[in-house]
Each structure stands twice: as structure tokens, then as C-alpha cells.
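Notes for the one structure printed next.
Just the heavy atoms: all of them, side chains too, but no hydrogens, waters or symmetry mates, feed the values below. Numbered from 1 within each chain, the chains take letters A, B, ... in sequence-line order. This one's a predicted model, so the numbers in the text were calculated from it and none came from an experiment.
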2 protein chains.
Amino acid sequence: MPILGRTKKEVVSEFRCLEILEAARGVFARKGFNNATMDDVAEAAGVAKGTLYLYFPSKREIFLETFRQGAVALQEEVRSKMDEEADAAGKILAFVRTRLEYAERNRDFFRIYYTEFNNMLTHPAPVRQEFQDLYDRQANVLAEVLREGMRRKQVRKMDPLAAAGIVYDATRGWIAQRLLGWSQSSVEDDANFVFDVIWRGIACSK
Amino acid sequence: MPILGRTKKEVVSEFRCLEILEAARGVFARKGFNNATMDDVAEAAGVAKGTLYLYFPSKREIFLETFRQGAVALQEEVRSKMDEEADAAGKILAFVRTRLEYAERNRDFFRIYYTEFNNMLTHPAPVRQEFQDLYDRQANVLAEVLREGMRRKQVRKMDPLAAAGIVYDATRGWIAQRLLGWSQSSVEDDANFVFDVIWRGIACSK
DNA sequence: CAATATTGTGACCGCTCAGTCATAACCCTG
DNA sequence: CAGGGTTATGACTGAGCGGTCACAATATTG
């Protein structure tokens, strides 16, 4: 007896999955993938260890799912905020600000993101391609914005992907600093500062 | 019978330490700290596992030592190249270029540096402070250069530590891209590009 | 309110791996 | 080259943990 296209069973199951993922996110953020145990996750989620395996096939898969969830949500938020802006400057500021804001609201996710992303990329794994794509998509959105900016003479001529890399990394670094508590300023101020430096670096000097 | 202030025993012992550290660096770079086993390190070093424990108290300590070694060498090289330059622009270019060059020559070290550094910082440990200091020292050298540049009206007024963070992160990001094989250009070109963008971002617009 | 199906449990298993230690090989030195 | 000291070895141990499964609790159905 499906309700709204889904059986009750499916709804409950999905709810459990989300509960587990949320608990897992906190545990992985606190202890890192390797030092987090399935017992930790089970305890945080308030279920027995065996239950975890009713909803996920392995520790790795739980981890990857928390990762995917956060990454996709981040990308969508960033993309939608960028779409609201008309020109390259506005879009890039939106990119920086939205990421900083999201990081503030999702510290656990970003802890995971920054401690494990490099690991994913540098140590070949079956999932490597998936995360490569994740980065590529972000970089390409930025690069497209920059290309358009160059066409309109707002951004000076340079390799768009290279410039995108710098925008991305400057933002990345700033978020890391905030996560480590090295910045006292507001998200707004920090975003403006990072944007200001980067924009002067890539804009047409008029 | 000490020779040149050291006994033969000490010399041999130091040599063995270096052998082990070099082997360990490769293993940790390839597999990451958690997936590397002491058997791996022993095999790479061409000794038995027990021998490792004659020279180091634990896996963790071997790892930290490879890390310290590389970080100290990097810092000294960067500092000395920066000292050869007279003004802020030259010093910052030297900072970027020397780091890129060093990364090219010490890929193993940088693999470790980038995959484990965040781990060190975000997961409290007795060593946390040590690595915090390592970063602080680098950032302060940069910040001092920027402060001096501001005094001479070459760099526009801004928080020097914040600006140092951006220089550091843009460089960091670029090295990561090179390690992942995402850049085809020469080190020289890449260094100039990164410097160019950053410098326009922070220099007095004249 | 049985009878059956579904979901949850946690003791347990097998394996990996850091670290140990009894033994061996290799020095010196006299 | 004997014998005492130093360095090397690798089989072994014990702990930790991912994953399983026999059983229990709960839900569903007729």
C-alpha cells in the first residue's frame, strides 16, 4: 500500500539511514575515518552495531555516503547562489561567501572534507574517480564564470581553469583557518576580504 | 675513541636512522599513515621489523620524524631564498617558487604533508602544538615581509597575517594540483602565474 | 490473539598489525 | 680465535575492530 509513491517501510528505512548518517558524520569528524569504530557510530546513533549493517554494507560505505551527502548539498547551494548573480564579480563573491557560510553551518562535514579529501585523491581507490568528478564539476563552474568574465573584459586573459584553482584554494584555505579557530572576524568580513584579494588578482586592471 | 666529536657507533646509528626514515617516507607517501604497516617499512628499508624498534620507539615517532625532517628542510630552503631578495615582491615570488621547486624534488614528503597535516591539526594530540608552531613560523615570516612591504607602500594596507594566509594557501593549492598531475606547465611558469595573481591582489594599485 | 514476517541485538569470530623477546649473527678487543 | 658485548632477526602475542549470525523483540496480518 504505497503512500505518496512510497511504502511506509521505505519511509522508515530512509529515516533510519539519515539518523545513522548524521551520527556517523559527527563521529568521523571527531575521530577521523580510521580511528572511528563502528561501535562508536552505533553508540552515537543509539542502535546496535548489527543494525548498521541492515542499512549499509560497510563502514566505508557509510563514510562515503556522509561525504557525498554534504558535498552535493554544498554544491547545490553554491550553484544556486551563484545563479542569482549577474556578473563574474558577483558570482565569485557568492562562491566564496556561500562556501564560508556553509562551512560555518556544517563544521562536521568540512572537518571530514578537509581531512579525508586529499586521502581519497592521492591514494588510489575505487572511489577516486567519483571525487575527482566532484572537484572537476566545481572547478568547471568557476572556470565558466571566469571565461564569460573574460569575454566581457571584466576578467583579464588567463587560463580559466588555473584561475579557478586559485579561487578555490584561497577559499578552501580560509575555511580551514576558520575551522581551526584562527579567525575572529565574521563570515561576511572574511568572505569580502578573500574575494577582494582574489578579484584584484584576476580582474582587468581597467 | 671519538672521531670529529662522535664515536663510530653514533655515526653508524645515525646512518641507519636516515636509511629507515627515507624508506618510511616512501611507504607513508604511497599508502598513508594508517595503511602503511611496520612490515612495509622494514621491507622497504631492508631490515627486520625488530630493527626498526632499535632506532625508533614507535610507528608514530618514525612518521613524525619523516615529517619534521622534510618540514624543517623546506622552511630553511624557503627562508634562505627569501633572504636573497630585497623587496616584498621578490621575497614572495621566492616563497612561491621555492616551495613549488621543493615539492617537485620531494614529492613523497609533500604527499605526506598534504594528506596528514590537517589530520595532525584537527585531531588533538600531544604533537598538535609542534605542527601548529611549524605553520605559525612560516606564516609569520610571510607576514613580516608583507608588513615591511606596507611600510614601503608596495603592499596595500591589510591584515598581514590574513594576507599571508592567502599567499600560503594559493601556493599550497597549486602544489597539490601539480602532485595530482593536473598541471602540464613548468614549475617556473606556474610559480610566476600564482605570484602574479596574488601580487596583483595585495599590491598597492599605484 | 495466534501465526508469521520484519527489524533489532550484541556476543562472537577471524584477521590484521604494533610491538616484544628469545635467539642468532656480527662485531671488537686482547 | 676465544669470549663478551652489541646489533639484528622474525616468530609470536595480545589487543582492537570490521563484520556475522543465532536469537530476541516487535510489527503485521488473518
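A salt bridge links Arg16(A) to Glu19(A): at least one charged side-chain nitrogen sits closer than 4.0 Å to a carboxylate oxygen. Using a cutoff of 4.0 Å between basic side-chain nitrogens and carboxylate oxygens, Arg97(B) and Glu85(B) are not scored as salt-bridged.
Within residues 35-53 of chain B, the residues having any heavy atom closer than 4.0 Å to DNA chain C are, in order of number, Ala36(B), Thr37(B), Met38(B), Lys49(B), Tyr53(B).
Of all nucleotides listed (dA18(C), dT7(C), dG18(D)), dG18(D) comes nearest to the side chain of Lys59(A).
With hydrogens and angles left out, the side-chain atoms of Ser80(A) and Asp83(A) include no donor and acceptor closer than 3.5 Å. Donor-acceptor pairing under 3.5 Å is recorded for the side chains of Gln129(B) and Asp133(B).
In this structure, Asn34(A) atom CG and dA18(C) atom C1' are separated by 15 Å, rounded to whole Å. Rounded to whole Å, atom C1' of dT7(C) lies 15 Å from atom CZ of Phe15(A). We find that CD of Glu19(A) is positioned 14 Å from C1' of dT7(C), with the value rounded to whole Å. Rounded to whole angstrom, the span from the CZ atom of Phe33(A) across to the P atom of dC17(D) amounts to 13 Å.
Backbone-only contact: Tyr55(A) has heavy atoms under 4.0 Å from sugar-phosphate atoms and none from a base. Within 4.0 Å (heavy atoms only), Arg60(A) reaches no atom of the nucleic acid at all.
Residues meeting the side chain to side chain donor-acceptor pair (under 3.5 Å) test with Glu148(A), sequence neighbours left out: Arg151(A), Arg152(A). Residues passing the side chain to side chain donor-acceptor pair (under 3.5 Å) test with Arg68(B) are Glu61(B), Glu65(B), Glu130(B), sequence neighbours excluded.
Within the structure, every side-chain polar atom (N or O) of Arg16(B) is placed at least 4.0 Å from both OP1 and OP2 of dT7(D).
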